[in-house]
Structures are given as C-alpha cells and as structure tokens.
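Counting starts at 1 for both ligands and their atoms, following the listed order. This one's a predicted model, so the numbers in the text were calculated from it and none came from an experiment. We use all heavy atoms of the structure for the numbers below, so side chains are in, but hydrogens, waters and symmetry mates are not. By convention here, the first residue in the shown sequence is residue 1.
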Amino acid sequence: MEKTKQHLWWQEGIIYQIYPRSFQDSNQDGVGDLPGITQRLDYLQWLGVDAIWISPIYDSPMADFGYDISNYTGIHPLFGNMEEFDTLLQEAHARHIRVLLDLVPNHTSDQHPWFLESRSSRDNPKRDWYIWKDPLPDGSPPNNWLAMFGGTAWEWDEHTQQYYYHGFLKEQPDLNWRNPEVQKAMLDVMRFWFDKGIDGFRIDVIFHMIKDAQFRNNPVNPNYAPHQATYDQLLPVYSTDQPEVHDIVRMMRQVADEYEGKVLIGEIYLPINKLMAYYGTNHSGVHLPFNFQLLTLPWDAQLLSTTIDQYEGALPLDGWPNWVLSNHDQPRITSRVGIAQARVAAMLLLTLRGTPTVYYGDEIGMRDVPIPFEEVQDPQGLNMPDKNLSRDPARTPMQWDSSQNAGFTTGKPWLRLAPNFHRENVLAQKDDAYSMLSLYRRLIQLRRQEPALSVGSYIPVYSDNQMISYIRQAEGHDSFLVLLNLTHRPCYFKAKNLEIKGTIELATVPELEGTTVDTTINLGGDEAIIVRLSS
Ligand code: GLC
C-alpha cells in the first residue's frame, strides 16, 4: 500500500488553465485581462484549485493570439502592465494559489527584435538565431516540411534570398536552439520570471524545439484522411521529437532547480512511450510532460482503461502522472462526449492518480460555441477554412452570470458567447446542488481532503466495454472505489475475487450518496460513483 510520504504542491494540487482573453475583462475593451483575473481569484479559491496556468500575456502582434511573442519580459497592454501582473501574483499567493506562466521558446513573433535583426542581413550576428536555408537548385523550399497551420513550413525572404523555417505561422519563425546564445537568452527569460516569484511554466510545444541536423524530408503519412489538417499529410519524424531535444529540456530543468518548488510542464503530443522520455533520466526532464490521452482518444471504456493502465505502467520510477480533459487547442469535453458524460469525465479526471488540469469553463459544462465564419479569429480555422479546425469555439468568454455578456465584459466581446449563458453560468450553478459546478467543487474538495484520492496508489479493478473501475488507496487512510459508466445504458459491476463493502460518498447523481453497496453494484447510464470502502 502507498505510504503517505511528503508530496510536492504540484503533485497534490489541481491546476486550472486560464485563457486570459476570455476569462474576465476589467476595462471594457472586450478582451480579458490581468486585473480581471485578479477580480476572480476569490472564485478560484472557492472552487478549490491550487494553481493557475495563464496562456501567454506577453507583448505580441497576436497573429496566434499571444503564442507569437515579440517581448518575453513585457506584458501586452491588452492584458495590463507589469504592476498589474505583480498584483495578480501577490493576490494569488495570498490565497495559496500558485501561478504558472506559458513559456513559448520554440518560436518568436516575426516582429521580435531578434528576428528583425536576423532577417536584416546574412552576416547579422543574430542570423543564426533562426533557421535559415538556401533554396533547392530549382528555387523551391529546402525540404518538404509542413507548417501546423497549413502550407509549407518555409518562407522565402526576398531581401536575403534564403528561406526561414516556421513550424506554425510564417509570423512565428522557429528559433535555432542549437545556438548557445539562443539557449542563454531563453534560459534568462525563465530566470526573469522565476525571480519575480512565479511558480512554474507550461512550456509550449517543447517537443518541437530541435530539428533534424540534416533537415531530411519527412515521410508521407499512409493513414492521412482528407478531413485532417494538411500538416498530417506527413509524419513529423525529422521535424519534431529529436533525441537532442532532451539536452535542451535538461537545461531548462537545471534553471528551475536553481529555485525551490518550481514546476515545468511540457506540452507534448506524442504516444505514451515517447512521452515518457520527457521526464528525463534521473528527473532531469520536465516534472510533468502533459498527458493528453483523455483528450485525444475516443470515449470508449475499454480503450481508456487500457490506456490508463498502460500510462501508469510506463511511468519512470517516481515519475508523477497527470491528466487533461480539455485545453485551448482542442474541443471541450462537453462537446466531445456530451453533457451527461462530461460529468463522468469530471469524476475520472479528479479521481485518477496524478495532477489534473481543469480548463476554464469546463467546471460549468461550457460547450464549444459555433462561431459564424465571418467572425472566425483563429488562424488555424482561417487557413484551412473547409476543415472545421478553428479553435475559437473552445475559447469563448467565461460565463459568470446572466447579465450582459455573462458578466465577462460590458464592451463588445472579442468572441461571441454561448447563446444559453443566461442559464449556464457560475452564479446560476453555484447554489444548485445538482449542477456541474457543484460536482466539480465537491470532487475537488474530496480530493483535497482524502490522501487516497490525491496521492494514493491506483489499483485497476475491472473494466469492460461500458465501465471503468479502480481503487485509490493510501496507508492509514480510507480507500475509495471509483466506478464509472462511460455509456448511456445501465451496467452492472461485480467484483470478482474481491469483497467490496462501502458507502457511496459522491455520485454524478447525488441522490445515490449515502447508499451502502457491496460486491454487486448497478449503475444507471451516464452514472459514476465514488465509494468509501469500509475497512
Ligand atoms: C501550442 C499552443 C497553441 C499554439 C501553438 C503555437 O500548441 O497551445 O495554442 O497555437 O503552440 O505556439
């Protein structure tokens, strides 16, 4: 049985992702900002989260809504200023909420002074800070690599007669991380924010940071389907996840280790076996390589339970797990699995072993909002218009109350709101014992109170094509059985070779709470329960 040894805050805690444009506007320009987040800290404290991760707030031309940075140590005026950032940090810490920022080291904006210098001439000292290549003899790009947001990843520069590489938009040139000056500059950015007192970084596309030294062509993806992004036509074998990236990750970890209690979370879309390498040998990698299994796999009980076990089994010794249901790049969980299953998903996220990340608005069951074509903002949506790839629907303003624009702004919101915000909002759900918000809050509270749920071991019990079940256990504390029905039909749980006795502590259907259960348990469709086991 798992001994309750000391765990670190980011192991016990729950992270909440804020997309700052859409959380709370304080100056009525229709875009969320830092003072807005500060105003809502009491809510986050009430909800019970331990840390917030704020998507980029830095100076940026906003070609990719802040993921194109033109100054890594400056705050974009849309979001506020440094004084307002300091206030946010102080106020969050006063409420025991840690603050994580988004570090985007793979690429800068094409308006960053580094790139302006780099592109000014071939012999500029910063030329090698980015990835410049000659054309092929026929003038075409140096290789076949594709950009995530459509088209070739190479942009021709008329002035200096070379191509530069951009894994995303042409306004987001990739830095050359093999250059020690680049390494030093970005590690100093990390120190700047750590010195200010932030608690960690979520690191954007960390697995893209080093490219094949020979820039070989990527192979064709034999499984490409036309609805997919054009990027998926090739397998990014040579443009991402190169072995040398781990040297860079290690450097970043060393910077974090110069301080105490900092966390690094890497954004990595890779299969489990490759993901694990980002923990590094002997804890030299990121603390948490984001685990996107729940976010990318079909909602299927057998597949998910196998994957959970596979992930648990593949973790390095003392590697700490983590789970994510939604983020600002993917459809929200409610829109993938429906509102009833989203409740089951919440229970899964908040009872698995490992740090959960909750995406703002998921706690009130916000859905993807259809954005009329003329209003689409996301470059991924605009560049591949017939593929339904816009990320705007999952980035709409937070629904606080039933007032104008759901209390988000009295100005014109940068993205339209869900039409049902009058009914679905924080205020309406706060005192409703059956709401999604109450479910989230109670799950969070239970997880905080019970060591078995926050840091205990994970023991798979039984799963089939409808349900997943597991026990969470910590020495000297109550154990819990979690039972989740991932379908709309009733199902039966019968623990084979295991005696179960206990009381339902928390359920997606609260009427079940307090009921005692034993070895055979019936669950209705879309139901999930947490059973406190009698010792
Ligand atoms: C990451 C971010 C995404 C951004 C991209 C380029 O995937 O999460 O929003 O567009 O990197 O920076």
Student: Closest non-hydrogen protein atom to atom 7 (O) of ligand 1, residue and atom name please, with distance?
Tutor: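 Heavy-atom neighbour on the protein nearest atom 7 (O) of ligand 1: Glu267 OE2, 2.9 Å.
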Student: Give the C-alpha distance, both sets of side-chain angles, the deciding distance and a yes or no for salt bridge (charged side-chain N to carboxylate O under 4.0 Å, His left out) between Asp212 and Arg216.
Tutor: CA-CA 7 Å; Asp212 177 42; Arg216 281 168 280 190; 3.0 Å; yes
Student: Please tell me whether Trp193 and Phe85 form a close aromatic pair, meaning their ring centres lie under 6.0 Å apart.
Tutor: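 Yes.
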Student: Does any donor atom in the side chain of Gln45 or Arg40 lie under 3.5 Å from an acceptor atom in the other side chain?
Tutor: no
Student: Return the orientation label for the Tyr165 and Trp145 ring planes: parallel under 30°, perpendicular over 60°, tilted otherwise.
Tutor: perpendicular
Student: Can you confirm if the aromatic rings of Phe168 and His107 lie within a centre distance of less than 6.0 Å?
Tutor: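 They qualify: ring centres under 6.0 Å apart.
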Student: Show the atoms of ligand 1 that are less than 4.0 angstrom away from any heavy atom in His107.
Tutor: 6 (C), 12 (O)
Student: Could a heavy atom of Arg202 be found less than 4.0 Å from some atom of ligand 1?
Tutor: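 Flag set, Arg202 near ligand 1.
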Student: Using a heavy-atom cut-off of under 4.0 Å, does the side chain or the backbone of His328 touch ligand 1, or both, or neither?
Tutor: side chain
Student: Could you tell me which atoms of ligand 1, counted from 1 in the order shown, lie closer than 4.0 angstrom to a heavy atom of Phe149?
Tutor: 10 (O)
Student: Measuring centre to centre across the rings, with the benzene-like ring taken for any Trp, is Tyr72 within less than 6.0 Å of His112?
Tutor: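 Under 6.0 Å, so yes.
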Student: Counting from 1, what ligand 1 atoms have a heavy atom of Arg395 closer than 4.0 Å?
Tutor: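 The atoms of ligand 1 under 4.0 Å from a heavy atom of Arg395 are 9 (O).
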Student: Starting from atom 5 (C) of ligand 1, locate the nearest protein heavy atom and write down its residue, its atom name and how far away it is, to 0.1 Å.
Tutor: Phe168 CE2, 3.8 Å
Student: Which protein non-hydrogen atom lies closest to atom 4 (C) of ligand 1, naming both residue and atom, and how far is it?
Tutor: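 Scanning the protein heavy atoms, the shortest distance from atom 4 (C) of ligand 1 goes to Asp64 OD2, 3.3 Å.
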Student: For ligand 1, which atoms have a heavy atom of Arg391 less than 4.0 angstrom away?
Tutor: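 With Arg391 as reference, the close atoms of ligand 1 come out as 3 (C), 4 (C), 9 (O), 10 (O).
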Student: Suppose we measure from atom 11 (O) of ligand 1 to each protein heavy atom; which comes out shortest, and what is that distance?
Tutor: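 Of every protein heavy atom, Asp204 OD1, 2.9 Å lies nearest to atom 11 (O) of ligand 1.
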Student: Is it the case that the side chains of Gln330 and Tyr269 hold a donor-acceptor pair, with the cut-off being a distance below 3.5 Å and no angle test?
Tutor: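 Yes, because at least one side-chain N or O of Tyr269 sits under 3.5 Å from a partner of the opposite role on Gln330.
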Student: Who's the nearest protein heavy-atom neighbour of atom 8 (O) of ligand 1, and how far?
Tutor: Asp329 OD2, 2.5 Å
Student: Examine the side chains of Asn322 and Thr355 and answer whether a donor and an acceptor come within less than 3.5 Å of each other.
Tutor: no
Student: Using a 4.0 Å heavy-atom cut-off, say whether His208 meets ligand 1 through its side chain, its backbone, both or neither.
Tutor: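 Within the 4.0 Å criterion, His208 makes no contact with ligand 1.
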